[in-house]
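One structure below.
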Amino acid sequence: MFSITTESIEPRALEEIVRTGDGGVVTFLGVVRDEADGRRVSGLSYEAFEPMAVREFEAIAREARDRFGDVRIAIVHRIGELSAGEISVAVLASAAHRGTAFDACRYAIDELKRRAPIWKKERYADGGSEWRAGGA
Amino acid sequence: MFSITTESIEPRALEEIVRTGDGGVVTFLGVVRDEADGRRVSGLSYEAFEPMAVREFEAIAREARDRFGDVRIAIVHRIGELSAGEISVAVLASAAHRGTAFDACRYAIDELKRRAPIWKKERYADGGSEWRAGGA
Amino acid sequence: MEIRYDSPRYPSKQPPMRIRVLVFARLRELLDGGERSLRLPEGASVEDAWDALVAEFPAIAQERRCTRVARNGRLGSFDDGLNDGDELALLPPVGGG
Amino acid sequence: MEIRYDSPRYPSKQPPMRIRVLVFARLRELLDGGERSLRLPEGASVEDAWDALVAEFPAIAQERRCTRVARNGRLGSFDDGLNDGDELALLPPVGGG
């Protein structure tokens with residue numbers, strides 16, 4: 001399950017990829033923070049180059065399998081307007097053993113932030129806004 | 001939120017500890033596998049020394065904060081009879097940044113398996129059963 | 001069930017201590033129940049409590065090596081002395097998760 | 001909107017190529033829209049497409065250094081040649097998650 005969505009993310013939906021025999025399921029949820037570098041954030045907007053982003057998610061999942069072994073991965077990223085406390089991204093990794101699931105989940109979110117064609121604009125409570133690169 | 005429960009675990013309930021300002025939430029779910037060392041498992045039963053287990057969960061969370069910094073942790077372990085595909089344990093770690101949340105979540109489940117006074121008996125499809133130590 | 005145990009090392013001149021023993025997993029099965037009360041002479045140790053149980057349930061003897069003990073909810077050792085009213089938990093190798 | 005660009009390097013003797021340009025984030029704002037069509041002479045490169053956009057939107061010039069390009073959904077380089085009908089995406093530094 002690899003997708004870009006304008007709807008609010010329901011993390012449990014990603015569990016559909018969990019297979020009988022998987023003993024460890026690791027989920028990462030990215031949540032919109034209410035501050036960045038000491039400035040109060042009033043909202044965010046995300047945009048994506050959707051077909052390329054989805055292909056990048058697929059590539060990242062393949063790489064995770066090559067590196068860490070048999071693991072199922074789901075990645076869903078939300079776009080559009082988000083406010084503090086909302087989920088911007090969910091990554092789920094499910095494997096027979098937990099080490100594989102942890103490694104694959106972390107690899108996937110790190111790579112997603114590093115290279116998936118997705119952009120984030122922060123709007124600040126004190127006015128102004130900024131495109132933020134290199135997801136911290 | 002640190003508890004032992006006989007009820008089925010609802011992972012989203014652990015999210016109540018997520019605080020405004022947390023940007024990364026990592027959840028580990030332990031799921032009952034249908035095989036172990038090549039034997040088909042028909043079911044599991046868990047038991048716990050409950051008050052000590054809960055105190056151990058609290059101690060593990062304190063250690064995680066000492067090691068990795070400001071992070072909120074929830075741990076819920078189920079006991080009683082479980083069948084394949086059911087969630088036996090949920091660990092959630094929530095922090096401003098994802099590295100802290102990943103490290104804390106993994107530390108917590110590793111330590112839980114290593115030292116929390118909880119026991120697991122596997123029942124095999126071919127008959128027989130076994131208490132399993134040293135959670136793999 | 002209550003086991004009364006008069007250690008040869010500790011002749012029971014004083015009123016015996018009552019110790020609440022909790023056992024889990026394999027030990028629970030071998031002892032046919034998770035909780036029991038032991039009467040031990042004043043000054044008895046965790047080791048003495050264990051020996052009293054072995055006297056009644058010889059099958060547990062081989063579990064000694066990998067059993068940990070908790071006194072009143074805190075990990076302790078077989079050398080620890082016991083006090084009247086203590087709760088003594090005998091913990092086989094854990095395997096949660 | 002369609003920009004027609006006749007490169008001095010590539011006099012337009014042949015029918016021009018039509019390139020679909022997608023821009024995102026800061027570049028989308030600077031170009032006042034996410035999608036446009038460029039007409040470029042046969043043989044033009046990604047660099048030529050960029051120059052055509054800079055000619056109309058000088059403010060993007062300074063973005064060149066940190067812009068990556070994707071041709072038909074695959075990462076490429078500014079040196080890549082373009083073909084008629086190509087989709088060219090101009091990608092500012094990403095920051096999802």
Side-chain angles (χ1 to χ4, degrees), chain A residues 9-38 40-41 44 72 82-110 112-113 120 122 132 135-136, chain B residues 9-38 40-41 44 72 82-110 112-113 120 122 132 135-136:
Chain A
I9 292 176
E10 174 42 67
R12 298 224 60 181
L14 281 72
E15 290 176 18
E16 79 169 41
I17 65 162
V18 177
R19 214 169 55 181
T20 306
D22 287 351
V25 178
V26 175
T27 306
F28 172 79
L29 302 178
V31 179
V32 176
R33 301 185 62 202
D34 60 352
E35 69 93 29
D37 303 337
R40 260 189 59 76
V41 172
L44 280 185
R72 281 143 291 296
L82 277 76
S83 43
E86 289 194 284
I87 298 170
S88 56
V89 60
V91 177
L92 181 146
S94 181
H97 300 291
R98 70 185 183 285
T100 311
F102 269 108
D103 288 341
C105 187
R106 192 162 191 167
Y107 178 81
I109 183 63
D110 286 353
L112 180 155
K113 287 181 178 251
K120 168 167 67 179
E122 289 174 351
R132 297 288 295 227
Chain B
I9 292 176
E10 174 42 66
R12 297 225 60 181
L14 281 73
E15 290 175 18
E16 78 167 43
I17 65 161
V18 177
R19 215 169 55 181
T20 307
D22 287 350
V25 177
V26 174
T27 306
F28 172 80
L29 302 179
V31 179
V32 176
R33 301 185 62 203
D34 60 351
E35 70 94 29
D37 302 337
R40 261 190 58 76
V41 172
L44 280 185
R72 279 143 293 295
L82 277 76
S83 42
E86 290 194 283
I87 298 170
S88 57
V89 61
V91 177
L92 181 147
S94 181
H97 300 291
R98 72 184 182 285
T100 311
F102 269 109
D103 289 341
C105 186
R106 191 161 191 169
Y107 178 80
I109 184 61
D110 286 353
L112 180 154
K113 287 181 177 251
K120 167 167 68 177
E122 289 174 351
R132 298 288 296 225

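A, B, ... follow the sequence lines: proteins, then strands. Residue 1 opens every chain.
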**Asked** Of all of A:G30, A:G24, A:G21, A:A84, which one pairs up most often with chain B through heavy atoms under 4.5 Å apart?
**Response**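 Ranked by contacts with chain B, first place is A:G21.
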**Test salt bridge (charged side-chain N to carboxylate O under 4.0 Å, His left out) applied to A:D34 - qualifying residues, sequence neighbours left out** =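 None.
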**Request:** Apply salt bridge (charged side-chain N to carboxylate O under 4.0 Å, His left out) to A:R33 and list each qualifying residue two or more places apart in sequence or on a separate chain.
**Result:** A:E35
**Request:** Select one option (side chain, backbone, both, neither) describing which atoms of A:A96 are under 4.5 Å from chain B's heavy atoms.
**Result:** both
**Asked** Counting a contact as any heavy-atom pair under 4.5 Å apart, which residues of residues 11-18 of chain A contact chain B?
**Response** A:P11, A:R12, A:E15
**Item:** Non-hydrogen side-chain atoms of B:D22 and A:V31 separated by less than 4.5 Å
**Value:** no
**Asked** Given B:F28, which of A:V26, A:T27, A:V25 fulfils the side chain to side chain contact (heavy atoms under 4.5 Å, CB included) condition?
**Response**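 Option passing the side chain to side chain contact (heavy atoms under 4.5 Å, CB included) with B:F28: A:V26.
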**Request:** Give, for atom CG of A:L92 and atom CG of B:L29, the distance between the pair rounded to the nearest 0.5 Å.
**Result:**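 Separation between the atoms: 8.0 Å.
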Side-chain donor-acceptor distances from residues 100-109 of chain B under 3.5 Å, at least two apart:
{"from": "B:D103", "atom 1": "OD1", "to": "A:R106", "atom 2": "NH1", "distance (Å)": "2.8"}
{"from": "B:R106", "atom 1": "NH1", "to": "A:D103", "atom 2": "OD1", "distance (Å)": "2.8"}
{"from": "B:Y107", "atom 1": "OH", "to": "B:E63", "atom 2": "OE1", "distance (Å)": "2.5"}

